[in-house]
Every structure is written in C-alpha cells, then in structure tokens.
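This report refers to the structure that appears directly beneath it.
Throughout, a chain's letter reflects where its sequence line sits, starting with A, and its residues are numbered from 1.
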2 protein chains.
Amino acid sequence: MYDGSGAEDGSRIEALRLRCTTFAARRTICYEGDAPTELFQLFDGWAFRYKVTRDGRRQILSFILPGDLIDLPLLGTERIAHAVKALTAISVCVFSRTELADFIYGDAERARRAGAAFAAQSAATDEQMLDLGQRSAFERIARLLNHLAVQLRKRGLAEAEGFRLPLTQSHIADATGLTAVHVGRTLREMRKSKLLSLAQGWLTIEDPESLAAI
Amino acid sequence: MYDGSGAEDGSRIEALRLRCTTFAARRTICYEGDAPTELFQLFDGWAFRYKVTRDGRRQILSFILPGDLIDLPLLGTERIAHAVKALTAISVCVFSRTELADFIYGDAERARRAGAAFAAQSAATDEQMLDLGQRSAFERIARLLNHLAVQLRKRGLAEAEGFRLPLTQSHIADATGLTAVHVGRTLREMRKSKLLSLAQGWLTIEDPESLAAI
DNA sequence: CGCGGGTTTGAGGGGTTTCAATACTAGTGG
DNA sequence: CCACTAGTATTGAAACCCCTCAAACCCGCG
C-alpha cells in the first residue's frame, strides 16, 4: 500500500494530518458501503480488510500492517466496497479524504507515486487470486505466512527467529478460503515437516528456503 | 477499467494516440514481467489477463472488453506482473506509456479520474476474491456469466436474448478456479434448471432475476 | 476424409468440509 | 487463588464437492 515514504513529501504529508487516534482490538473501523470522510494511516498494530456474502461467509482480502494506508481506494471513490476491522489494538493517523486527495492529485509527482501504490496493490491482489484459484491448502497457507514474514521484515518488525502473529486459525482460514479446522490440520503438518511452527501467537519459520520456494 | 470517456478529455486523449493495430485471436499480447513501452485501449474483441504457477496452472484474472485499457497498472509501474492474451481477434489503439502517464498525472482532474478507475478495478477484484474464496462452483460460474452480461449491456454489446460469448469451458474454468470438466457439468445443471444456456458460443440468459440473485 | 480442439459422460479417488466432542487458554469476577 | 466462561485449538468420523483419468462424441477445417 501507499506508505508516503521515499521522499521529502513524507514531511509534507504530515502537515495534512488532522490528529492521531486509537481503536480497540476487534473494533470494526468501517463497514461495506460506508462513505467515510476520513482516511487513516496505520501506525501501530494489525487490521484487515474483508467482505462477507449474504449468508455470512467471510473473505479476508488483505492484512494491513504498520505504515499502510486505510484505505487506498478511498483516494478514488467516496464509497468503499469492503469492511475494515482492527485485529489488535491499533493507532492511526487521521487525514481528511478530500484534502489528501487534493494534495496528491494536485502534484504530478505525488499522483505518480499514488499510481505506483495502486499498481503495487493490484499486483498483490492478482497474486492472491492465483493462490485462491489454483493452489492447494498447504500452498495457500505457506504463501500467506511467507508473505506476512516478508512484509514484516521489510518494515523491521520481525525478529530473526520469527515474529508475533496475532491471527487465529479462523483468520488464516478466511484469508485463504479454507475452514479453520483444515487450517489447524495443515499447520500440524507443517510443524511435523519442520517447515514452521505457529503457537501462542508466535510464528517461527524453521526452513525459510523451502517456505519461500512453495 | 479506465475508459477515457465521460468528458471532453476523450477527444484530447485521441491526440495522444499513436496508431491503431490488430492482433490475431489467441495471440499473447504481453508476458508476465514484461516492461512494455506502449499501452493499449481495446477497441473491438475480447482479451484476458492471466497468471500461471510454475507448474502450469493458469488463473484468469479478468476479461478485457471493448473500451477497457490494457493495462491500467502500467500507469503506475513499468513492469506488469501478469500476461495478457487475445481471446478473439482484437483491434486496439496504441498509446505511449510515458506520454499517457504524463498526460494523466499532469492534470489534477484527469489524475482523479484515473484514481477512480483504479478504485473501480480494485472493487471488482475484491469481489472476485470473495467469489474464489467463499463461493461454490455453481455460484462462481453464475456470477461470472452475470458479470459479463452486465458489462456487455453497459457497453451496448448484448442483445436482449443473450450475447456472443467467445469463451471455452476451459476459460471459464481458469477464471473460476475450477476444472473444465466440472464447468461442463455445472453448465448442464444450469441448462436443466432453466437458468441459462450456453452453446456454440452464444449465451442465453433465461432467468435473469434468479441469476442476478445468486 | 482425417485431424485437433472442445464438449460430454462415467467411474473412481482425494482434498476439504461438516459435524461433534474434547481440551486448551486467557480473561473475569468472586 | 480459584472457579467460571468464552473463545480457540485439536482430534476423529463421515460426507461431499470437486478433481483426475479416460473414453466417446461432436464439430469446424484443412
């Protein structure tokens, strides 16, 4: 997602910041169909974007990590087509949607960087569609966990041995299109084959090369 | 996708057009990892974006219809992370990637409209992830065909009784994450239950309300 | 006419789900 | 400090959806 970094504009964006605030864990930040006037940048904690079918099945579209914008598409539309929920307690910076849009679109270089952020997110969701449509449960879970490891490392939020993973098996299930029960079984397999182990909210990657190769 | 319509800019975009050209059916327009210097707007015919796994499983990410840009993310990145292939013979308008990007990002209003196009595509892929992750074969196929019907009608490319659908069952399978065999069986069910019928490249929707309700 | 790609149908197997019961863990209040 | 509770994880058995393999069929086309 758009992280506002990479240039002196980082400081200029700060001038637009209205305030900072926090949300409790499990708090829903916004619902599908909302037209929020404000837009957040996640500062600390985890959140996720999701959609639900009419009969209640939930698909987690992506996890939002510190530095990510909530929600990039809001730069292009008033109404968002998905819900956002805090996974842990989170703290965010608040921007005005219209002010931020004016700021970004008013300058070619900034608009270009926003376009790059869109392209990056688009590439990520395409990759995810390949996972959901074509790969096995084992592959999907391995790739999700590896993706999160890569993202966290990029942000300096992972230790060498592993990292804190505030996801339940249900979250992993809803992100990969599987059931929580089957996620549990697959994680047991991975533990047994010394690929990785996930327990008490801590993920340890024991064989990074094999994991990345999946 | 971004269709350049909706304002007097339509004509100005035409000034940027380098030329028009055509591609034969089944021709691959670009490969995953390419960094094309040109960017197309589809004028006539069908194409699709796809990705493949290392062992050859293919996921069709979206179908590209007349009016769509090939490829929107190219406005934000040099390298595209998916391949594009012509389904039928197609004709396209050719633009220079950098020229078009300069043109769009150089004006706040145009940049805003590109952002809106990004947001729309993002909403569409989110919807598709919900389909792939949570819905049954029957639902996925029904929703894909309904989506195409809606898009074609919006462009005035569908008759009242149905429309030409240049997809094989394999295409539908790769778009929905199923196998061609199972797509065939499911289409038979739909035909039997008088929902729709697909034969010889012509799709007839017999019960539009039920279809849209799925 | 023969050929190749697409479709249809059948039988069988496998990955994943569903249902159900038990065990664990963390937070809460007495 | 311990019981209580709710959410989470684990395990087993059975069913189901979809896949794989395979053969036959169809059709347009050279």
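Checked against C:dG6, C:dC19, D:dT8, the side chain of A:R26 finds its nearest nucleotide in D:dT8. Nearest to the side chain of B:R185, among C:dT9, C:dG5, C:dT8, sits C:dT9. Across D:dC18, C:dG10, D:dG12, the shortest atom-to-atom separation from the side chain of B:A137 is found for D:dC18. Distances from the side chain of B:H182 to the nucleotides C:dT9, D:dC18, C:dT16 place D:dC18 closest. Minimum atom distance to the side chain of B:T168 is reached by C:dT7, of the listed C:dT7, C:dG10, C:dA20. Among C:dT16, C:dT7, D:dG12, the nucleotide with an atom closest to any side-chain atom of B:Q169 is C:dT7.
As a whole-Å value, the separation of B:M190 CE from C:dT8 P is 13 Å. A:R135 places its CZ atom 14 Å from the P atom of C:dT16, with the value rounded to the nearest Å. Rounded to a whole Å, the CH2 atom of A:W202 is 17 Å from the P atom of D:dA9. As rounded to whole Å, 14 Å separates atom C1' of D:dT11 from atom CD of A:E189. Atoms CG (A:L203) and C1' (D:dA9) sit 16 Å apart, rounded to a whole Å. In this structure, A:L178 atom CG and D:dC17 atom C1' are separated by 14 Å, rounded to whole Å. Straight-line distance from the CD1 atom of B:I141 to the P atom of D:dC18: 9 Å, rounded to whole Å. Between A:L187 atom CG and D:dT10 atom P the separation is 8 Å, expressed in whole Å.
Under 3.5 Å, the side chains of A:R49 and A:S62 contain a donor-acceptor pair of N or O atoms.
In this structure, B:R188 reaches the C:dT9 phosphate: one of its side-chain N or O atoms is under 4.0 Å from OP1 or OP2.
The pair B:R57-A:E139 meets the salt-bridge criterion, since a charged nitrogen lies less than 4.0 angstrom from a carboxylate oxygen. Residues A:R135 and A:E127 are paired through a salt bridge, judged by an N-O separation under 4.0 Å between the basic side chain and the carboxylate.
Checking side-chain atoms of B:D174 against main-chain N and O of B:H171 turns up no donor-acceptor pair under 3.5 Å. Of the possible polar contacts, one joining the B:T88 side chain to the B:W46 backbone as a donor-acceptor pair under 3.5 Å is found.
Residue A:G201 is out of contact with every strand shown, counting any heavy-atom pair closer than 4.0 Å. Backbone-only engagement by B:R191 is indicated by non-hydrogen atom pairs under 4.0 Å involving sugar-phosphate atoms exclusively.
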